[in-house]
Amino acid sequence: MSSTDRENTMNINTGLESISRETIQEAFWKTKEDMHLPFGELTLITEDRYKDVLEKVQECFVIDEPIGKAVGIKWSPFFESFWLKALKTGISLMVVNPEGNDIIGFRINEYSLRKENMPDLNKLDDESLKIKDALLLYAIGKANIYDHYNTDEAVHFLGLGVTRKYRKRRFGTLLMESGIKLAKNLGIIPCYITGECSSN
């Protein structure tokens, strides 16, 4: 299971860029207490697991994801750096199997700021990434989240994936809910979810 929705949670300028690791950790523990997983352990994605998570991202967003398949996306250093930048914000989650410590699924989140420049698609060498990013940029522009919600910052739910052998067991739903709870526990209230076709 994977999702390419450009979903976001917004708040009126909480200073997301300056949130400390301690604040993130405290928000995570509150989130973990609220979540009841049928199996596995919810954890923050830490640097020592980046390589493992990126392998699962390849499985979910290159091999299995419908838009990626349709445009023929391939893993590349640029694509890897895109995901790695998000992981380094420290607010991404995963569920791991305590027996063997393998990754069941992930919810990759990042901070999104109005002042950030949109990527220049002409600088991309990979035509498949140009097509996919053009679609996503169109959806972001149509959502117009910063003006619509009167904010300069957001938490962007960049990607959600569940590895093949754990699919159809509600982990995707639980990871989505965990991402929302973490955003709220970081002080992002009210919290809105916007997708390509709807907003709530």
Side-chain angles (χ1 to χ4, degrees), residues 1-37 40-47 49-50 53-54 56-57 60-61 82-96 103-116 118 136-137 139-162 170-200:
M1 174 181 168
S2 62
S3 168
T4 57
D5 280 355
R6 301 295 279 201
E7 301 144 342
N8 302 275
T9 35
M10 274 69 64
N11 192 24
I12 307 298
N13 309 323
T14 55
L16 290 173
E17 286 181 294
S18 59
I19 290 178
S20 69
R21 295 287 174 204
E22 292 77 21
T23 300
I24 293 169
Q25 192 68 50
E26 186 178 323
F28 166 70
W29 284 115
K30 287 181 186 172
T31 302
K32 189 172 181 176
E33 286 172 8
D34 288 344
M35 297 307 299
H36 304 287
L37 302 176
E41 180 184 0
L42 184 69
T43 70
L44 283 169
I45 299 176
T46 51
E47 189 175 355
R49 298 304 305 265
Y50 287 176
V53 170
L54 289 171
K56 301 305 179 188
V57 170
C60 294
F61 285 89
F82 169 78
W83 292 98
L84 198 53
K85 176 180 172 281
L87 288 172
K88 287 179 178 177
T89 62
I91 57 169
S92 295
L93 302 163
M94 66 180 175
V95 177
V96 297
I103 296 168
I104 292 171
F106 56 85
R107 165 87 277 181
I108 298 180
N109 311 313
E110 67 175 349
Y111 307 130
S112 175
L113 306 172
R114 183 196 291 265
K115 67 183 180 183
E116 289 177 343
M118 289 297 184
L136 295 174
L137 289 176
I140 290 168
K142 200 160 170 70
N144 192 21
I145 61 166
Y146 300 112
D147 290 337
H148 186 79
Y149 295 104
N150 190 29
T151 186
D152 291 323
E153 56 189 17
V155 171
H156 176 204
F157 293 161
L158 184 63
L160 184 155
V162 176
R170 293 197 69 242
F171 286 112
T173 300
L174 291 165
L175 280 160
M176 184 68 198
E177 290 171 0
S178 298
I180 294 167
K181 283 183 184 290
L182 179 63
K184 287 181 176 178
N185 288 330
L186 284 168
I188 301 172
I189 299 168
C191 182
Y192 305 94
I193 309 297
T194 66
E196 292 179 25
C197 301
S198 65
S199 66
N200 298 297

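The CG atom of D34 sits 10.5 Å away from atom CG of L42, with the distance rounded to the nearest 0.5 Å. Note that CG of D152 and CG of D147 are 9.5 Å apart. Values are rounded to the nearest 0.5 Å. Between the CG atom in L44 and the CG atom in L93 there is a gap of 6.0 Å [rounded to 0.5 Å]. Remark: I104 CD1 to L37 CG distance equals 8.0 Å, nearest 0.5 Å. One finds the CD atom of E110 at 13.0 Å from the NZ atom of K88 (value rounded to the nearest 0.5 Å). Separating the OG atom in S178 from the CZ atom in F28 is a distance of 8.5 Å, to the nearest 0.5 Å.
Between E41 and K32 the shortest side-chain heavy-atom distance falls below 4.5 Å. Between R49 and V96 the shortest side-chain heavy-atom distance falls below 4.5 Å. Residues R107 and L182 fail the side-chain proximity criterion, which asks for heavy atoms closer than 4.5 Å. By the 4.5 Å heavy-atom criterion applied to side chains, N185 and W29 are not counted as neighbours. Looking at heavy atoms from C-beta onward, L175 lies out of side-chain contact with F106 at the 4.5 angstrom threshold.
Annotation: side-chain contact (heavy atoms from CB on, under 4.5 Å) contacts of L54 (sequence neighbours excluded): W75, E80, W83, L84, L87. Judged as a side-chain hydrogen bond (donor to acceptor under 3.5 Å, both in side chains), and not counting sequence neighbours, Q25 has no contacts. Applying the side-chain contact (heavy atoms from CB on, under 4.5 Å) test to E177 and every residue at least two apart in sequence or in another chain returns M35, R170, T173, L174.
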Could you go step by step and tell me if E26 and T23 meet the side-chain contact (heavy atoms from CB on, under 4.5 Å) rule?
CA-CA 5 Å; E26 186 178 323; T23 300; 5.7 Å; no
Test side-chain contact (heavy atoms from CB on, under 4.5 Å) on V53 and I108 and set out the steps.
CA-CA 10 Å; V53 170; I108 298 180; 4.2 Å; yes
Assess the residue pair T89 and N109 against the criterion (side-chain contact (heavy atoms from CB on, under 4.5 Å)); give the C-alpha distance rounded to whole Å, side-chain angles, the decisive distance to 0.1 Å, and a yes or no.
CA-CA 8 Å; T89 62; N109 311 313; 5.8 Å; no
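Nearest heavy-atom pair across A86 and S92 is O-OG, 4.2 Å. Taking both residues in full, the closest heavy atoms of C60 and G161 are given as SG-CA, 3.9 Å, listed atom of the first, atom of the second, then distance.
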